[in-house]
K.L.:
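Structure below; questions to follow.
Just so we're on the same page: letters track the sequence lines, and every chain starts at 1. Computed from a prediction, not measured in an experiment: that's the story for all the values here.
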Amino acid sequence: MRAGLEHWVVGRRIAAVEVFGDRTLRRHAPGPADFIARLTGRTITAARRRGKFLWLPLDDGANLLAHLGMSGQFLAVPEGGKPSKHTKARWRFDDGGPELRFCDQRTFGGLALADDELSADGVPRALGHVAPDPLEPAFDPRRFAATLRRRRTGVKRALLDQTLVSGIGNIYADEALWHAKLHFARGTDGLRPGEIGRLLGAVDDVLRAAIAAGGTSFDALYVAVNGESGWFDRSLEVYGQAGEPCSRCGTSIIRMRFTNRSSYLCPKCQPRPRRGRW
DNA sequence: ACATCCACCTGCTCGC
DNA sequence: TGCGAGCAGGTGGATG
C-alpha cells in the first residue's frame, strides 16, 4: 500500500478534500473542517510507514497519518466518479489526474493530520508507541530478543504487540511461527537464543515475501492502490489452511481459538509446550 | 510497568 | 426466506 501511494500521489498538489461520515477522523481532534483546510493546497512529498501505520509528509512539514484498521484501503481512481458507499475521504489534485480515495467498510481505520516535528528516528510523534518493524534500519534484533525474554507472555501475543515489534498481524504471526516451528503458546521467557533467531529470520522472510507478492488478498477488500490483488495467499502455509496437509510433514493443519480469534498451526511441527502461555 | 480484556464497526456465511 | 451466531488481516483504553 505504501509503494502504491508513492507511485500514485507523491509529488501531486491537493486541490480539494472531502470527508464522509464522522468516524474516520475520530483521532483528528480539531475536526473535519480543520483537516480539509490544512490539506488543501499542499503537495505530498513522500509515502512512509512503520509497521501498519502509514503517513504522507506534506510540503509544509505536516503529515497525513493513516491506519487501515481491518478493512481500510486507499484507491486511485479516475477523477470525478460518485464515491462508493464505503468511501470515507477523497482527495482531488490540481493536475486533474486520478483522485485518491480512502474506503473502509468496518470503520476501524482512521486518518489524522499531525503537524509536530518528527521524532529522532523520523516517525511522527503520534506513533511514538509503535516499535520499529523488522524491515526498517531502526529495528535492533538483539534488543528485541532481550525485551522478549523479559516478558511473561506467549510468543504470538508478543509478535502481535506493536509496542514490541510492529507490522506483524494475525496472518504473518501464524506463518512466521510455522516457519520457525514454534507453537504460539511458547512462553517468551523460555525461548532459547536459537529459537528467537529462527523466529526473527522467519518473520523477515514472511514479511519480505508478502510485500513482494503485493500482500494477502482474500477478497476485494484487500487490494493495492491500483485495485490489483496481491498473491501471497497462495504462499500461506497455515493461515486459513485447516484440514490441509502441512507441506513439511503431511499432518493436517488445525485451527485453534486464541484470544477471541484464530490461530492455525501444524500440531506436529509446532508441538504444544508443557506449560504454555496464551 | 506490565498483561489481558473488550469495545469499536459492517457484512458475509452458516446452520436451524 | 428469515434469523441469530460466528467470523473477519487491528488498535487502544480500561481494568486487573
K.L.:
Supply the atom-to-atom distance A:Asn170 CG to A:Met70 CE, rounded to the nearest 0.5 angstrom.
P.N.:
8.5 Å
K.L.:
Mind checking if A:Arg150 touches a base, just sugar-phosphate, or nothing, with heavy atoms under 4.0 Å?
P.N.:
nothing
K.L.:
How are the rings of A:His67 and A:Phe53 set relative to one another: parallel (under 30°), tilted (30 to 60°) or perpendicular (over 60°)?
P.N.:
perpendicular
K.L.:
Please confirm whether the shortest side-chain N or O distance from A:Arg106 to OP1 or OP2 of C:dA8 is below 4.0 Å.
P.N.:
no
K.L.:
So does A:Gln162 get a side-chain nitrogen or oxygen closer than 4.0 Å to the phosphate oxygens (OP1/OP2) of C:dT11?
P.N.:
yes
K.L.:
So, OP1 or OP2 of B:dC5: does either fall under 4.0 Å of a side-chain N or O from A:Arg157?
P.N.:
yes
K.L.:
Hey, is the side chain of A:Arg277 poking within less than 4.0 Å of OP1 or OP2 on B:dT4, counting only N and O atoms?
P.N.:
no
K.L.:
Take atom P in C:dA5 and the same atom in B:dA7, then report the distance between them in whole Å.
P.N.:
15 Å
K.L.:
Are any of A:His67's side-chain N or O atoms less than 4.0 Å away from OP1 or OP2 of C:dG10?
P.N.:
no
K.L.:
Charged N to carboxylate O below 4.0 Å: is that the case for A:Arg50 and A:Asp121?
P.N.:
yes
K.L.:
It should be established whether A:Arg255 places a side-chain nitrogen or oxygen under 4.0 Å from OP1 or OP2 of nucleotide C:dC7.
P.N.:
yes
K.L.:
Within the structure, does a side-chain N or O atom of A:His129 lie under 4.0 Å from either OP1 or OP2 of C:dT11?
P.N.:
no
K.L.:
Tell me whether the OP1 or OP2 atom of C:dA8 has a side-chain N or O from A:Ser262 closer than 4.0 Å.
P.N.:
yes
K.L.:
Start with the C-alpha gap between A:Arg186 and A:Glu195, add the side-chain angles, then the distance that decides, and say whether salt bridge (Lys or Arg N to Asp or Glu O under 4.0 Å) holds.
P.N.:
CA-CA 11 Å; A:Arg186 286 288 303 277; A:Glu195 291 177 322; 2.7 Å; yes
K.L.:
Where the side chain of A:Thr107 is concerned, which of C:dA8, B:dC9, C:dG13 is the nearest nucleotide?
P.N.:
B:dC9
K.L.:
For the base of C:dG6, is there a side-chain donor-acceptor partner from A:Arg257 under 3.5 Å away?
P.N.:
no
K.L.:
Hey, does A:Phe53 reach any base, or is it just sugar-phosphate, or nothing, if we go heavy atoms under 4.0 Å?
P.N.:
sugar-phosphate
K.L.:
Below 4.0 angstrom from OP1 or OP2 of B:dT10, is there any side-chain N or O of A:Lys85?
P.N.:
no
K.L.:
Measure from NZ or CZ of A:Arg42 to the centre of the six-membered ring of A:Trp91 and say whether it is under 6.0 Å with the direction within 45° of the ring axis.
P.N.:
no
K.L.:
Strictly below 4.0 Å: does A:Arg151 bring a side-chain N or O up to OP1 or OP2 of B:dA3?
P.N.:
yes
